Amino acid sequence: MTKGMIPRTFDIVVAGGGLVGMAIAWGLVREGRRVAVCDGNDSALRAARGNFGLVWVQGKGGRCLPYAQWSLDSSARWAAFAAQLLRETGVDACVERPGGIELCETPQQLDEGRQLLESLRERDAALDYAVLDNTALRRRIPAASPALAGALYSRNDGHASPLFTLRALHEAFQARGGVYLPDNEVKEVIPRPSHFDVVTPSGMLEAGRVVLAAGLGNARLAPMVGLDAPISPLRGQIMVTEKLAPFLDYPTLVVRQTREGSVMLGDSAEQVGFDDGVSRDVMADIARRARTAFPLLAHARIVRAWGALRIMTPDGLPVYEQSQRYPGAFIAICHSGVTLAAAHADILAPWIAGGPRPRVLEPFVTARFNPSTTHSHV
Ligand SMILES: Cc1cc2nc3c(=O)[nH]c(=O)nc-3n(C[C@H](O)[C@H](O)[C@H](O)COP(=O)(O)OP(=O)(O)OC[C@H]3O[C@@H](n4cnc5c(N)ncnc54)[C@H](O)[C@@H]3O)c2cc1C
């Protein structure tokens with residue numbers, strides 16, 4: 001569609017075409033809404049294109065059970081979510097859910113991890129797990145090192161290709177009539193009595209509702225519609241090896257083998273502002289941990305490495321909120337946009353389209369950062 005042909009009036013405009021924005025946008029067109037997604041360009045910060053691809057539940061929500069349950073619900077929905085995307089686009093998100101493994105180098109790590117998972121299972125039996133000693137671990141993964149203390153296993157975890165997922169969402173969204181506007185960052189959102197004016201470099205769009213799903217860009221947009229986005233970047237670095245023969249049937253937090261055979265190595269966290277580069281010391285540590293866990297990786301060649309920025313709230317939990325001052329303006333923030341993609345499409349989108357606010361979202365409001373505020377959710 002050329003610029004001149006773009007309709008200017010939509011039921012809903014979504015700012016941000018990453019995994020969060022596109023999962024919501026696809027959910028919204030499934031609800032029959034006329035939706036436009038305004039996105040940045042190739043130089044934008046884009047966690048959706050630089051992440052590790054885990055669909056992960058294990059260990060999440062230690063201080064907030066609903067977060068564990070929200071993650072579990074999304075993980076359980078992922079197979080159907082990916083199957084529908086495959087039917088609608090022919091693009092396979094490569095999801096697998098064999099369960100996930102957290103590798104522990106020391107008995108202390110194993111014990112601390114076990115205590116966390118036990119406290120979660122006591123509160124919800126569906127958050128079950130198993131402790132694997134080294135022998136049990138190597139029965140499941142013969143390539144694991146005999147030097148590891150053991151591992152924690154949860155059947156609730158899996159992994160997917162984040163890039164194919166994003167591509168499938170883009171194609172499915174547009175196939176249902178959604179309008180994608182790349183290189184078209186939202187400059188301003190102006191609340192009007194009956195709608196929102198959305199100012200973009202290619203002109204003004206008119207929207208009945210707006211969704212701020214612009215990742216780190218939400219910090220600038222949120223105050224325009226009476227919302228708050230207390231977010232900061234947290235860098236992760238990832239390395240990818242050449243393709244290897246299959247040796248790892250389970251995703252782990254540090255190492256996962258993709259369906260094509262390449263091996264992703266990751267799981268670092270650094271507060272370095274908006275620097276999304278890589279650094280030698282962190283890459284060396286990632287490589288050390290990967291080699292310690294799987295000695296066969298010692299000879300694997302690294303073919304790519306990058307840094308990307310997570311979008312973190314102060315307590316690491318998501319924010320899903322509608323503006324009280326300007327109803328119809330929504331914000332969505334999270335740092336697990338792969339894991340939560342299915343729930344964002346299935347549960348968040350119907351609420352944004354006009355349905356009731358799901359009870360499961362109750363804790364995910366910014367009032368939690370200011371306990372003196374009384375808050376009613378809309
Ligand atoms: C190293 C790393 C590893 C990760 N691993 C995992 C994992 O294993 N599992 C998991 O579930 N999650 C993981 N994540 C998190 C996951 O990648 C993010 O939660 C998810 O990508 C967030 O998506 P997003 O759409 O909110 O943000 P982004 O992907 O950053 O997208 C934001 C989009 O908004 C656009 N934008 C910015 N400003 C504007 C504006 N003003 N107007 C319009 N558009 C705008 C940008 O161009 C961009 O396309 C990881 C993240 C990192 C960095």
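Values below: every heavy atom of this structure, side chains too, minus hydrogens, waters and symmetry copies. Order of listing sets the numbers, starting from 1, for every ligand and every atom in it. Numbering starts at 1 and runs along the sequence shown. Keep in mind it's a predicted model, so treat the numbers as computed, not measured.
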Could an N or O of ligand 1 be found under 3.5 Å from any N or O of [X], whether backbone or side chain?
X	answer
Ala47	yes
Gly40	yes
Arg310	no
Ala48	yes
Leu19	yes
Phe52	yes
Gly217	no
Val20	yes

Residue portion contacting ligand 1 (non-hydrogen atoms closer than 4.0 Å) for [X]:
X	value
Leu216	neither
Val55	neither
Ala44	side chain

Practice item. Return yes when Arg220 approaches ligand 1 closer than 4.0 angstrom through a heavy atom, no otherwise. Key: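 Checking ligand 1 against Arg220, which is what was asked, there is a heavy-atom contact under 4.0 Å.
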
Can a salt bridge be assigned to the pair [X] and [Y] using a cut-off of 4.0 Å between side-chain N and carboxylate O?
X	Y	result
Arg368	Asp315	yes
Glu105	Arg288	yes
Asp11	Arg34	yes
Arg359	Glu362	no

For ligand 1, which atoms, with element, lie under 4.0 Å from some heavy atom of [X]?
X	value
Gly53	7 (C), 8 (O)
Cys38	43 (C), 44 (N)
Ala308	53 (C)
Val338	9 (N), 10 (C), 11 (O), 12 (N)
Leu221	41 (N)
His335	12 (N), 13 (C), 14 (N), 15 (C), 19 (O)

Point to revise | Polar side-chain atom of Trp78 near backbone of Val338 as donor-acceptor pair, under 3.5 Å | key: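 It does hold such a pair.
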
Review point. Quick one: does Thr200's side chain have a donor or acceptor within less than 3.5 Å of a partner on Met204's backbone?
Key: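 Judged by distance alone, no pair lies under 3.5 Å.
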
Please compare [options] and report which has the shortest non-hydrogen distance to [atom].
atom	options	result
atom 35 (C) of ligand 1	Leu181, Asp39, Leu212	Asp39
atom 41 (N) of ligand 1	Thr339, Leu309, Val186	Val186
atom 45 (C) of ligand 1	Ala214, Ala23, Ser71	Ala214

Review point. Does the pair Tyr320 and His344 meet the rule for a ring-ring contact (aromatic ring centres under 6.0 Å, His included), with working shown?
Key: CA-CA 10 Å; Tyr320 306 113; His344 288 164; 5.4 Å; yes

**Study point:** Closest non-hydrogen atom pair, Arg235 against Asp276
**Key:**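 The pair with the smallest heavy-atom distance is CD-CA, 4.1 Å.
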
Cut-off 3.5 Å, side chains only: do [X] and [Y] have a donor facing an acceptor?
X	Y	answer
Gln58	Asn156	no
Gln322	Arg357	no
Asp73	Gln69	no

**Study point:** Phe294 and Phe247: CA distance, side-chain angles, deciding distance, ring-ring contact (aromatic ring centres under 6.0 Å, His included) verdict
**Key:** CA-CA 9 Å; Phe294 302 105; Phe247 72 94; 5.6 Å; yes

Exercise for review: Using side-chain contact (heavy atoms from CB on, under 4.5 Å) as the criterion, point out the one residue from Leu317, Leu72, Val57 that pairs with Tyr67.
Suggested key: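 The residue from Leu317, Leu72, Val57 that satisfies side-chain contact (heavy atoms from CB on, under 4.5 Å) with Tyr67 turns out to be Leu317.
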
